[in-house]
Structure formats: C-alpha cells, structure tokens
Amino acid sequence: MIIAPKIRGFICTTAHPEGCASNVRSQIDYVKSKPALADSPKKVLVIGSSTGYGLASRIVPAFGGNAATIGVFFERPGTERKTGSAGWYNSVAFEEVAHEAGLYAKSFNGDAFSNEMKADVIDTIKADLGKVDCVVYSLASPRRTDPTDGETYKSVLKPIGAPYSQKNLNTDSGEVDSVAIEPCTDEEIAHTEKVMGGEDWEMWITALDKAGVLADGFSTVAYSYIGPELTFPIYTNGTIGKAKEHLEGSAAAMNEKFGDATAFVSVNKALVTQASSAIPVVPLYISLLYKVMKEAGNHEGCIEQIQRLFADHLANDGAPILDEKKRIRIDDWEMEEPIQTAVADAWGKVTTENLSELSDFSGYKKEFLRLFGFGLADVDYGLETNPERPLPSQS
Ligand code: NAD
C-alpha cells in the first residue's frame, strides 16, 4: 500500500510505519548523544507510552539508562488494508530497536483505565521483572470508564464561570479567526476530573503496591501544563486545569502514603501532540511560541523535554528541584519573561495575513504531520509499504 496523510480536522487518520520508525530512531539517537543518566531507574512502567510525552518517557530511561520498560497504550494495529495508528507503529519501532540493543521491552495495547489491564501488567511484572522502580503516567484521553461504577465519563475543554472568546487558528485553512466557548456545568468539571485527574494514577499505584511489585524507593510522575495568562480561561482555570489540580492532590496523597519524593507532577512545555492539537486556542499559541523559542535558541520537543526531566530531576544524583507547589518545572524556558512577552506581543498583532511572518505555523504543520510519520527526509513515500506490523513482544 502507498500511504499518504488523510487529515480530518485535528487528526490524521493514516500513519506511515517507516516514517514513525524514523521518528522513534531519531529520538533514540538524540538520547544516545547525551551523557548516560547518572542514576537511572532500571525497571520502568510507562502508562500512555506510544506517542508524545509518554513515548519520550519510555525512550529516555531505556536508551539513557539501559532500563527495562513496559509500555501501556490504546492504539490501532494496522491490517493488510488499513493503516494502524501512529502510536502502534511507534511502539513496534521502539521494541525493535530496544530488543536489538538487548533491552527488555514489552507492550500492552488496551484500556489502561480497566482492572484487567492493571492485572495483566502486574502479572508480567511479577513474571519478568519482579518489581518496577519508576512509573510514568502520561495518559491523555477524552473518556474513561471507571471500573468501580461502570460509568463512562467524558472530559471537556471549557472555561468555568464565564464564556471565553479568544483568537484561534483554524489549522486546516490557516485562518486566524476567533472562538467563543460557553462555560461548563459543575457535572462537566467533575467528569473532566474523573478522566484527566489523578484517580486512575492512584488506582495504578495502589494496585501495584498491593501486588508487591513496587521497589523500595520507587518514584512516579504524571504530567501537567500551566501556560500563559491568555489561555488560563480555557486551560489552567478551566475544566482541564481543575483535573490537573486533582492530579496534584493525588501526588500529595501518594507522598503522604509512601513518603516524600515518591510522586511528582512535572509541568511540561506546550508542544504539538495528538492531545494538544485538539485544544482550542493552543495551536495558535504553540505556533507563536515555536517561532519565539526557535529564534531564542531554546526550543525543545518531547524528547529534549523528557531528557531534561530525567537528567536534571528524576535520574540525577540529587533530588528533583521543585517549585512552591512542589511541582517539577520543565516549562521553565517556555515561561521565561522575555519569551512570554514576545509571544504576548505577537498574539496582539497576529492575523491571517501576517500569520506566516509572526508565527511558525509552517513548523507547526510539519510537526503535526511528523506525529503520523509523514514529511521525514529519509522516507520514500512513493514506495509500497506493508501496514500490518506485529508488535515484537506479542508475536
Ligand atoms: P498523546 O495524545 O501524545 O499521548 C496519549 C497517550 O495516552 C498515548 O500513548 C495513548 O495511546 C494513551 N492512551 C489514551 N487513552 C488510553 C487508554 N484508555 N488506555 C491506554 N492508553 C491510552 O498526549 P500527550 O500530549 O503526550 O499528553 C500526555 C500527558 O502530558 C497528558 O497528561 C497531558 O495533559 C500532558 N501534557 C501535554 C502537553 C502538550 O502540550 N502536549 C504539555 C504539558 C503536559
């Protein structure tokens, strides 16, 4: 099959196996080009390991610290006639390179929110690794079925208390228009917390603890975002922000139970991922931010961010450096005053006409396509390729 991108709004419904593999290999090469981690975890479980921040969180300890990894994700395998999802091909490529390097790597495809997935992963840890010493929780999902009540909860991206309108980028047409979003209901806040808060993170850690598969002194990290004031109503002060507050509460509860410096929330930079491209206003902010940070010479992608998270905080000789709310801040370069001032200035001026001059929308589009394995220089997209790629650990 010849595989080309098919974009529908903020999602691409096809993915290219060789392109995804090339992406994964370049992330691995980046990690290998850095000094080995000083004090790496050795047995790492990554929940949400197939794309974005979670994929990078699997690559960094594996190739920076020779860690054995178990990955959990929800992806679509390819068939003879239909391409799989990018996360599927990323995971196939990750396992292939890890196995070639002699590293243990197994993956689970299914619903991380379910009891069955937790039980399957625990069985495998018991059988193969004994215990894990680090658990990364990097899920981004629009819905969650809670196994305790069987209800399916949906998350929403809405402001709280008042309507929000702001400039917005139509990433299909390249037009700068505006978006107006009505405030959420109390029920929507509760449901968004159910999906994107820390309840399931705590359920994973509780299940792993009960099964006796957490090593002494284990650590766990989940990811959050804060961003600039102009997105506060839709992000930090909106429904998703409430869920992230809940996540911080879960970290505090786990530290209470297991001891300080066990559970961390890391605040990461805004980046093009499948999850962030679905958030109103954020793609315009990211396009402006990329331009400013590239010009400043401190732009990073997921792999650079997570390399820094492990090298400077989770896997160095000292303890992680925390802010006043006990969070790790790898969004520090994004939030620097000159960067934020330049973005705010461009935000005030940006229109459809000057978008390409003031922003890095072309970089945004390239990166969006790369998420699905398209636009890589070393891939010949005119060649036939087989969309059916088994996961090495499952075949
Ligand atoms: P992503 O969409 O790239 O990855 C989401 C992962 O979750 C994938 O591996 C997917 O397979 C998995 N997943 C989703 N539903 C699942 C389910 N039911 N069972 C098993 N796996 C499931 O997202 P991302 O942008 O890397 O986000 C990861 C975390 O980082 C989120 O908490 C997000 O809020 C946070 N974050 C993202 C950004 C950003 O700009 N992208 C910035 C800061 C923090």
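Source: prediction; values computed, not measured. Both counts, for ligands and for their atoms, begin at 1 and track the order of listing.
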- Which atoms from ligand 1 have a heavy atom of T273 less than 4.0 Å away? 3 (O), 24 (P), 25 (O), 41 (N)

- From atom 6 (C) of ligand 1, work out which of S138, S224, P142 has a heavy atom at the shortest distance. S138

- Item | Whether over 12 other heavy atoms sit under 6.0 Å from K325 NZ | no

- Mutual orientation of the aromatic rings belonging to Y223 and Y53 [parallel < 30°, tilted 30-60°, perpendicular > 60°]: tilted

- For atom 18 (N) of ligand 1, grab the closest protein heavy atom and report residue, atom and distance to one decimal in Å. D111 OD1, 3.0 Å

- So do P61 and F310 actually touch side chain to side chain, heavy atoms under 4.5 Å? yes

- Item | Top protein contact for atom 26 (O) of ligand 1, by heavy-atom distance | Y53 N, 2.8 Å

- Quick one: which ligand 1 atoms are inside 4.0 Å of a heavy atom on K244? 31 (C), 32 (O), 33 (C), 34 (O)

- Item | Within-shell test, R143 vs ligand 1, heavy atom, strictly < 4.0 Å | no

- Below 4.0 angstrom, N of the basic side chain to O of the carboxylate: do R308 and E300 qualify? yes

- Would one find an N or O of G54, backbone or side chain, under 3.5 Å from an N or O of ligand 1? no

- Counting heavy atoms only, which part of N268 comes closer than 4.0 Å to ligand 1: side chain, backbone, both or neither? both

- Work out which heavy atom in S219 is nearest to a heavy atom in F264; give both atom names and the distance. CB-CE1, 4.4 Å

- Message: Under a 3.5 Å threshold, yes or no: a donor from one side chain and an acceptor from the other, between S91 and E75?
- Response: no

- Query: Does the pair K242/D186 count as a salt bridge with the N-to-O cut at 4.0 Å?
  - Reply: no

- Query: Under 3.5 Å, is there a donor-acceptor pair linking the side chains of S393 and E95?
  - Reply: yes

- Within reach of ligand 1, part of E75 (heavy-atom separation under 4.0 Å): side chain

- Item | Identity and distance of the protein heavy atom lying nearest atom 42 (C) of ligand 1 | K269 O, 3.2 Å

- Note on the structure: re atom 27 (O) of ligand 1, the protein heavy-atom contact at minimum distance is A140 CB, 3.8 Å

- Note on the structure: Shortest non-hydrogen pair, L214 vs I205, comes out as CD1-O, 3.7 Å

- Output the list of atoms in ligand 1 that are nearer than 4.0 Å to some heavy atom of S50, sorted by atom number. 8 (C), 9 (O), 10 (C), 11 (O)

- Atoms of ligand 1, numbered as shown, that sit under 4.0 Å from any heavy atom of S141: 15 (N)

- Check whether any N or O atom of F73, backbone or side chain, sits under 3.5 Å from an N or O atom of ligand 1, and answer yes or no. no

- Item | Shortest protein contact, atom 40 (O) of ligand 1 (heavy atom only) | L271 N, 2.8 Å

- Query: Considering only heavy atoms, does S49 approach ligand 1 within less than 4.0 Å through its side chain, its backbone, both, or neither?
  - Reply: backbone

- Shortest non-hydrogen contact between K126 and A211, atoms and distance: CE-O, 3.5 Å

- Query: Could K34 and E304 be called an ion pair, given the rule that one side-chain N must be under 4.0 Å from one carboxylate O?
  - Reply: no

- Looking at atom 31 (C) of ligand 1, what's its closest protein heavy atom, distance included? L139 O, 3.5 Å

- Query: Using a distance-only test with no angle check, is there a side-chain donor-acceptor pair under 3.5 angstrom linking D209 and T206?
  - Reply: no

- Please confirm whether the backbone N or O of T152 pairs with a side-chain atom of R143, one donor and one acceptor, at under 3.5 Å? no

- Would you call the rings of Y381 and F374 parallel, tilted or perpendicular, where under 30° means parallel and over 60° means perpendicular? tilted

- Test item, A270 contacting ligand 1 (heavy atom, 4.0 angstrom): yes

- Criterion ring-ring contact (aromatic ring centres under 6.0 Å, His included) on H16 and Y89, from CA distance to verdict: CA-CA 8 Å; H16 200 283; Y89 294 136; 8.2 Å; no

- Message: Students should be able to answer this: which protein heavy-atom is nearest to atom 19 (N) of ligand 1, and at what distance?
- Response: A112 N, 2.8 Å

- Message: Please check whether F74 reaches ligand 1 - meaning an N/O of the residue sits under 3.5 Å from an N/O of the ligand, judged on distance alone.
- Response: yes

- Query: Do we see a donor-acceptor contact under 3.5 Å between the side chains of E248 and S224?
  - Reply: no

- Message: Taking a cutoff of less than 4.0 Å between a non-hydrogen atom of the residue and any ligand atom, is S85 in contact with ligand 1?
- Response: no

- Per atom 8 (C) of ligand 1, closest listed option by heavy atom (I306, I240, T51): T51

- Item | Those atoms of ligand 1 less than 4.0 Å from some heavy atom in G110 | 19 (N), 20 (C)

- Message: Judged on heavy-atom distance to atom 35 (C) of ligand 1, which of Y223, Y235, Y225 sits nearest?
- Response: Y223

- Message: Does any N or O of ligand 1 fall below 3.5 Å from an N or O anywhere on F113, backbone included?
- Response: no

- Note on the structure: Near G52 (heavy-atom distance under 4.0 Å), the atoms of ligand 1 are 3 (O), 26 (O)

- May I ask you to list the atoms of ligand 1 that are less than 4.0 angstrom from any heavy atom of G48? 6 (C), 7 (O), 9 (O), 12 (C)

